[in-house]
Amino acid sequence: MEAAPSRSLPLFLLLASWCFYSSAIAQPTESPSNDRFARIVLFVPDDAEIPAGYQERLTAIALRTEAFFADGIAQGGWPVARREIFARTDDDIEVTVVRGALPEDAVGRKGFPLVGPLAMAGATAALGDQADENTVWWTFYHTPKRVIKGFRGGGDRDGGRAINVYPTADGNITADVELGDPEMWPLNLKGCVHEFGHALGLPHIGAKPETGLGNTLMGPINRAFASRLPKGTSEPRVYLCEGSATLLAKHPLFVAHGPTPPAGTDHARVNDLATKDGPGGSIEITGKVSGLVAAHSVMILDSDHRFGDYWSRSYSAKVDDEGTFHANLDEPFASDQGFITLYVCLNDGRNKAMADEGEMRFSYEGKPGSRVFEPTVRE
């Protein structure tokens, strides 16, 4: 729980150190080629027919997803060594079809918690040693004889899961279709890829108004975003924002070589952390990262208590060879109350968002130029 902001604290706040746990990675002479792939599962209960054309539809979704993430990471200024992240057969994206029995009363949200475990049990049994605890799973379920509702996603550097309803609506998903195109709304294409983003370890992140690029993948649903547009306008574009690209820059699915096993634990430290008001209503954050595993960046979210995390704004700053960083939040919310969350992104692909260890958060209160910052550390 966040501590209540205190007006008695000075504007310039120094913290001696802040720790979170990450794994120290042994560096072999030669790294093995990357053999990690995300895997798609289609679950259909025994009392339903497998949907016609499922292979083509799920292949189209996977290809659009691969292009979206690879292009977004590259546009964020990061090299993408590996664009094809889904397991493939000779001709198609590999889809593992799982059948299973659902109870008669498994309907609505009551049925949703039963689908994932059945799908995972069947998929892991079918794939054997082709999948392990590091696999990122994307499950689609098709239950036409019962209206099951639900979607979910979550994960980190070392595995994740996303689950969505299989989209049966008409529509042609091309490799460059905009995720927010109204023709894609019935297919819930953005929502599906959004949950897969969570399986990669991404939190909710909204758009910064100055970008003018449309909605973010990890931002609000299409209708919520459209409701804030000027009357009579539309915006089909969805993009991978700066913060998401930074968090995924070293994710094992997008690098040339697979990560090596952890050799132990290491305390990665952020020393001399300082947060203060900057010119023109901006916020400046500086600090120094140290530890056996080098950090490449920090990613910072600014969130307004009034709007929720779907509308938070992200900023990134590179960590130099000395471990220091200087982040400038040049478009913060003009809010009397909010909070800032700091993510440290390590070269081994781990980061705060993917580890859930040692979350660093600043509450702030007051008008721009006279904000009071108070740190809270959740471990």
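Everything quoted here is computed from the prediction, not taken from an experiment.
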Take atom [atom1] in [X]; do more than 12 heavy atoms of anything else shown fall under 6.0 Å from it?
X      : atom1 : result
Glu210 : CD    : yes
Arg223 : CZ    : no
Arg161 : CZ    : no
Gln55  : CD    : yes
Asp46  : CG    : yes

For Phe254, does the six-membered ring have the charged nitrogen or CZ of Arg82 within the cation-pi criterion, i.e. under 6.0 angstrom from the centroid and within 45° of the normal?
no
Under 6.0 Å from the six-membered ring centre of Trp311 and within 45° of its axis: does the NZ or CZ of Arg306 meet both?
no
Would Trp78 and His296 count as a close aromatic pair, with their ring centres under 6.0 Å?
yes
Are the aromatic rings of Phe140 and Phe151 close, with centres under 6.0 Å apart?
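No: the rings miss the under 6.0 Å criterion.
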Could you tell me whether the side chain of Met218 reaches within less than 4.5 Å of the side chain of Tyr310, counting heavy atoms only?
no
Report yes if the side chains of Pro332 and Arg313 come closer than 4.5 Å at any heavy-atom pair, otherwise no.
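No - every pair of side-chain heavy atoms lies 4.5 Å or more apart.
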Verdict with reasoning, Glu242 to Thr246, per side chain to side chain donor-acceptor pair (under 3.5 Å):
CA-CA 6 Å; Glu242 173 187 7; Thr246 300; 5.6 Å; no
With distance as the sole criterion, is a donor-acceptor pair present between the side chains of Tyr239 and Thr211 under 3.5 Å?
yes
Asp302 versus Tyr364, side-chain donor and acceptor atoms under 3.5 Å:
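Yes, Asp302 and Tyr364 have a side-chain donor paired with an acceptor closer than 3.5 Å.
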Measure from the side-chain N and O atoms of Asn271 to the backbone N and O of Val289, and report whether any donor-acceptor pair falls under 3.5 Å.
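No, the answer is negative, given that no donor and acceptor are paired below the 3.5 Å cut-off.
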Presence of salt bridge, Glu66 and Arg88, under 4.0 angstrom:
yes
Applying a strict under-4.5 Å side-chain criterion to I, L, V, M, F, W and Y, I'd like to know whether Val344 and Tyr315 cluster together.
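Yes, Val344 and Tyr315 fall within the same hydrophobic cluster.
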